[in-house]
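Below, read A as the first sequence line, B as the second, and so on, with proteins coming before strands; counting in each chain starts at 1.
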Amino acid sequence: MRLSTLFGETLREVPSESDSVSSQMLARAGYVRQLAAGLYSYLPLAQRSLRKIEQILREEMDAINGQELCMPVVHPAEIWQESGRWYEIGDEMARFQDRKGRELVLAMTHEEVVGILCKTEIRSYRQLPQMVYHLQTKFRDEPRPRAGLIRVREFVMKDSYSLDQDFEGLQSQYEAHYDAYHRFGARLGINLVAVQSDPGMMGGKIAHEFMYITPVGEDSLVICDETGYAANLDVASFQKIPEPASHEEPLVRVHTPDQKTIAKVAHFCGVSTRQTGKMVFYMGEFGSEEPSRLVAACVRGDMEVNELQLQYAVKAQSLRPAETSEITSVGCVPGFASFRDIDRSKAILVADDLIPESKNLIIGANEVDWHYTGANYGRDFTADVVAPIALAYDGAPDPINGKPLRFVRGIEVGNIFQLGTRYSERLGALFNDQDGKEQPIVMGSYGIGVGRALACVAEQYSDEYGMDLPISVAPYQVILVSLGRAGEVFEAAEALYRELLAANIEVLYDDRSVSPGVKFADADLRGIPLRCTVSSRSLNNGGAEFGRRRSKDLQIIPLDSAVAHIQKAIDECFESLHQRLENLPTWVSRVS
RNA sequence: CGGGGCGUAGCUCAGCCCGGUAGAGCACUGCGUUUGGGACGCAGAAGUCGUCGGUUCAAAUCCGGCCGCCCCGACCA
């Protein structure tokens with residue numbers, strides 16, 4: 001490709017549209033342009049990179065017996081009504097009507113269509129297992145798109161769907177995806193960490209997210225480098241160690257003027273926050289049939305509430321922080337609340353499982369400026385539900401060996417879900433088993449965001465001058481820079497360009513008549529890993545100048561063997577990338 | 001949805017407080033010079049100041065509504 005004709009300019013100045021490194025780099029390098037919030041055009045360079053990422057996905061999916069197909073982006077509403085998600089999903093799903101008034105939706109994912117396809121294609125256990133995948137556009141009307149390609153509304157996802165007759169089959173395909181996703185990350189040059197995650201409304205019990213670890217990530221994770229335990233904060237567990245206490249002290253009502261927060265009360269009483277019980281109030285929604293109810297949660301004073309686990313503990317559809325009036329309506333005094341003296345007919349009381357283990361807590365007395373000391377679960381107060389509802393924290397003891405967990409942030413590049421039979425049952429995707437009995441197909445679903453993967457690569461492989469993409473992702477392998485329009489240099493560069501093309505080397509040829517500074521600056525920006533320069537200086541030295549992007553260690557390669565030299569360097573780039581495939585985490589080697 | 005910021009030429013931004021001729025740099029066009037790390041001179045083209053309304057003799061500037069974009073939070077099958 002000649003740079004003089006490439007569609008897509010570099011930007012000299014940092015675009016103002018977003019703060020994230022990847023979006024600024026991709027914009028400056030002429031890869032992407034924003035059309036609206038969360039909607040991007042991919043210019044030719046980005047398109048080439050995306051196609052390379054897609055090709056890697058195809059190879060990895062094919063390697064685990066996937067079959068590529070393609071399903072529509074526009075779906076009739078009925079299939080989403082059948083699966084139930086028409087009613088469960090809110091404004092995130094784009095809904096519209098066709099000219100006849102038929103309700104349509106833009107696909108957020110494709111479980112429903114796969115289920116519909118199974119109804120006609122799969123009838124017998126003899127046809128299972130199967131795995132299908134596609135690379136297709138999704139639309140999710142995110143409440144807040146952000147960070148360039150990291151969180152967009154329209155994006156291409158590789159989504160695959162496993163179809164099995166039983167859970168053993170599902171487990172096996174799940175494990176195959178687990179390993180394939182690690183290979184995918186390695187081939188892109190990024191480390192993906194598999195973390196336990198919340199299956200959420202996808203249903204099923206087991207799910208993992210594949211995270212690219214970076215401080216700019218939007219998900220919070222806990223990981224332990226020693227045991228390999230890794231989990232999304234939502235589902236992270238940790239060891240809970242009660243404060244030592246020799247005996248139960250008596251319950252004593254103490255005056256605590258103006259000590260409204262846990263920190264203040266603990267300080268006032270001269271104890272650690274670990275000796276206190278903290279109350280947090282939510283309003284729980286339980287569906288249209290049931291009225292919403294107050295959910296009162298109690299965790300030890302040094303901890304926070306894990307809202308997702310609290311929601312599961314009370315089997316609520318959703319939780320929101322309670323208003324002060326809602327708290328007082330059950331007899332609680334904000335700032336001085338506890339499970340004692342609460343109207344238990346109007347609220348669900350949930351205690352973290354550490355609370356019954358903890359002796360002699362300070363809790364609220366439900367009266368302004370008063371607390372109790374020496375409160376003990378069972379004797380002085382009880383809950384309706386005891387469950388692990390405390391949020392893991394930085395340094396919390398690993399659930400396996402008790403070593404401190406590390407808090408990190410990550411970007412979710414992929415996820416894998418064991419769906420089970422939820423969709424096949426609702427959509428009627430059944431097969432006849434060996435006994436001739438109808439059974440629902442056991443499904444799994446597995447996604448990878450293609451653009452998000454590119455953003456993660458750009459995030460990692462950038463410096464102040466631009467991107468330095470791995471050879472597997474870079475739109476071109478080498479950038480050929482010609483300096484000077486003098487006849488000899490021009491002829492040599494043109495000849496080398498033709499030779500590189502003939503040798504099937506992916507070359508971006510800067511044939512523009514701009515100053516050397518512009519060419520080098522653009523070469524640094526564009527993300528091409530190798531650079532070859534032809535100039536009168538290089539010709540005088542015996543050929544072309546060649547090396548890694550921005551390297552000071554440049555070698556002169558004779559023109560007649562230049563192609564071979566460049567091919568060798570490309571091969572070495574791939575080899576060093578492929579070394580990442582060794583010692584990858586696998587399902588078998590995982591701990592968590 | 002809550003909080004904050006912004007919207008002026010293709011890009012980055014100044015001008016707005018204090019109302020009166022729409023600006024700079026980069027990019028672009030032409031001519032000439034220049035060619036190893038974002039060159040220089042001369043000439044030129046380019047904006048309905050997001051939008052609608054109000055105040056005023058007069059609005060980019062003051063006031064109000066709306067729209068859009070970014071950031072923090074909520075949310076995220």
Which nucleotide wins on minimum distance to the side chain of A37(A), given the candidates G38(B), G73(B), C70(B)?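 When the side chain of A37(A) is considered, C70(B) is the closest of G38(B), G73(B), C70(B).
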
With both distances kept under 3.5 Å, what pairs with [N], Watson-Crick or G-U wobble?
N: U55(B); value: none
N: G73(B); value: C1(B)
N: G68(B); value: C6(B)
N: A45(B); value: none
N: U61(B); value: none
N: A14(B); value: none

Close N or O pairs between protein and nucleotides 26-31 of chain B (under 3.5 Å):
residue : atom : partner : partner atom : Å
A27(B)  : OP1  : R12(A)  : NH2          : 3.4

Would you classify [X] as touching base, sugar-phosphate or nothing, given that sugar-phosphate means primed atoms plus P, OP1 and OP2, and contacts are heavy atoms under 4.0 Å?
X: A27(A); result: nothing
X: V514(A); result: base
X: S536(A); result: nothing

Is E111(A) salt-bridged to R85(A), going by a charged N under 4.0 Å from an acidic O?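 The answer is yes: the pair qualifies as a salt bridge.
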
Aromatic ring pairing Y446(A)/H177(A), orientation class (parallel under 30°, perpendicular over 60°, tilted between)
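Taking H177(A) first and then Y446(A), their aromatic rings lie parallel (interplane angle under 30°).
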
